[in-house]
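Computed over heavy atoms, backbone and side chain alike; hydrogens, waters and symmetry mates excluded. Here, residue 1 is the first one in the sequence, and each next residue gets the next number.
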Amino acid sequence: MSPRRSAAPGEPTFTERARRQQIVESTIDLISTRGYPAASLSAIAEAAGISKAAVLYHFSSKDNLTRTVLTQVLEEFTAYVAERVEREADPLDALVAYVRAMVGYQQANRRHVRVIIEMLLDDEGGTRLKTPGRHQTGGRLQGLMELLAAGQAAGRLRAFDTRVTALAIGGAIDGVVSHWLADPELDLGAAADELVTFTLNAVRARD
């Protein structure tokens with residue numbers, strides 16, 4: 001059996017998986033630099049150095065391709081944050097890890113941030129969601145709510161509405177990162193420190 005073929009019948013070969021990933025990466029580059037409307041199948045094919053027919057062989061439509069791109073970006077983002085949160089046993093340390101991971105991932109993966117913004121926001125300055133609440137794709141809101149609830153159960157956090165507080169923390173992070181995207185001179189490391197202080201002051205149990 002060829003080493004480039006998958007062991008399971010019907011599964012994509014190594015070459016096919018590599019080609020699909022090449023197309024995904026080219027789409028990420030295109031959307032992040034030129035915007036979602038400019039990422040036509042022809043433009044994606046040109047960026048990938050292949051034919052439009054080859055793109056359609058692996059992804060039946062632009063919608064199918066871009067959904068795959070968004071899913072991959074969000075899954076990588078979610079996994080990065082979860083890994084760092086799960087290292088911490090103390091709920092407060094886990095919350096700090098969450099805030100720093102949310103900022104740190106976006107700082108290191110600017111292309112991915114642009115893709116999320118392009119695909120989840122409208123074209124009017126990137127300020128209005130196409131579908132309200134869709135930016136919470138990937139279980140982001142629920143995950144943070146559960147983190148806050150665990151801190152309350154351990155007596156480390158005060159009593160509050162976890163949904164509202166999770167929305168406030170997430171909104172603060174999004175606001176800072178959005179400003180950084182528009183103004184790269186912003187010291188995002190220092191901003192992360194302030195976000196940590198803001199978050200802990202908002203939720204920590206008082207003696």
Side-chain angles (χ1 to χ4, degrees), residues 32 67 69-122 124-207:
S32 65
R67 278 203 310 268
V69 166
L70 182 60
T71 297
Q72 178 175 308
V73 167
L74 290 173
E75 285 178 350
E76 289 179 11
F77 192 175
T78 301
Y80 178 94
V81 175
E83 179 185 353
R84 282 148 184 81
V85 169
E86 289 166 4
R87 292 175 186 169
E88 307 297 338
D90 181 80
L92 280 178
D93 291 340
L95 188 55
V96 169
Y98 174 87
V99 173
R100 293 199 181 280
M102 286 290 295
V103 175
Y105 182 88
Q106 295 181 85
Q107 184 175 25
N109 296 275
R110 191 184 184 95
R111 292 186 317 145
H112 288 188
V113 180
R114 293 302 316 173
V115 167
I116 293 169
I117 289 173
E118 284 288 330
M119 294 186 67
L120 297 188
L121 300 182
D122 68 7
E124 299 175 10
T127 57
R128 183 161 58 85
L129 288 169
K130 289 177 180 175
T131 305
R134 196 175 173 209
H135 63 308
Q136 301 298 346
T137 300
R140 173 182 165 186
L141 178 62
Q142 186 62 35
L144 181 52
M145 287 172 60
E146 291 173 0
L147 190 60
L148 294 171
Q152 289 176 327
R156 301 285 278 150
L157 306 184
R158 67 177 180 82
F160 51 74
D161 185 310
T162 57
R163 178 177 294 273
V164 172
T165 303
L167 287 168
I169 294 170
I173 294 170
D174 291 346
V176 167
V177 172
S178 295
H179 187 86
W180 168 73
L181 286 170
D183 179 12
E185 295 298 315
L186 177 69
D187 185 339
L188 204 53
D193 292 339
E194 290 296 339
L195 284 168
V196 167
T197 300
F198 164 81
T199 300
L200 293 180
N201 284 340
V203 303
R204 187 158 36 196
R206 302 290 187 258
D207 293 332

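- With Glu194 contributing its side chain and Ala190 its backbone, the two residues share no donor-acceptor pair below 3.5 Å.
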Counting only pairs under 3.5 Å, give me each side-chain donor-acceptor contact of residues 159-170, with atom names and distances, residues two or more places apart or in other chains.
from: Asp161; atom 1: OD1; to: Arg163; atom 2: N; distance (Å): 2.9
from: Asp161; atom 1: OD1; to: Val164; atom 2: N; distance (Å): 3.1
from: Thr165; atom 1: OG1; to: Asp161; atom 2: O; distance (Å): 3.0

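- For the side chain to side chain contact (heavy atoms under 4.5 Å, CB included) test with His112, the passing option among Leu74, Val69, Val73, Leu70 is Val73; the others fail.
- Counting heavy atoms from C-beta on, the side chains of Thr78 and Arg140 never come closer than 4.5 Å.
- In this structure Arg111 satisfies the side-chain hydrogen bond (donor to acceptor under 3.5 Å, both in side chains) test together with Glu25, Asp29, sequence neighbours excluded.
- For Arg204, the side-chain contact (heavy atoms from CB on, under 4.5 Å) partners two or more places apart in sequence, or in a different chain, are Leu92, Leu200, Asn201, Arg206.
- Considering CD1 of Ile173 and CG of Leu144, their distance stands at 7.5 Å, rounded to 0.5 Å.
- Screening residues 90-104 for side-chain hydrogen bond (donor to acceptor under 3.5 Å, both in side chains) gives Asp90-Arg156, Arg100-Asp193 as the qualifying pairs, with residues at least two apart or on separate chains.
- For Tyr80, the ring-ring contact (aromatic ring centres under 6.0 Å, His included) partners are Tyr105, not counting sequence neighbours.
- Residues Pro91 and Ala150 come closest through the heavy atom pair CG-O, 4.4 Å.
- Among residues two or more places apart in sequence or in another chain, the salt bridge (Lys or Arg N to Asp or Glu O under 4.0 Å) test is passed with Glu76 by none.
- Residues Ala101 and Arg84 come closest through the heavy atom pair CB-CD, 4.0 Å.
- Closest approach of Pro184 and Arg110 over heavy atoms only: CG-NH2, 3.8 Å.
- Annotation: side-chain contact (heavy atoms from CB on, under 4.5 Å) contacts of Val176 (sequence neighbours excluded): Leu186, Leu188, Ala191, Leu195.
- Shown are Val196, Leu148, Val85; of these, the side chain to side chain contact (heavy atoms under 4.5 Å, CB included) with Leu95 is made only by Leu148.
- Applying the side-chain hydrogen bond (donor to acceptor under 3.5 Å, both in side chains) rule to Glu88 yields no partners; only residues at least two apart in sequence or on another chain are considered.
- Residues satisfying the side-chain contact (heavy atoms from CB on, under 4.5 Å) criterion with Asp183, sequence neighbours excluded, are His179, Glu185.
- Take Glu75 and apply the side-chain hydrogen bond (donor to acceptor under 3.5 Å, both in side chains) test, not counting sequence neighbours, and it matches no residue.
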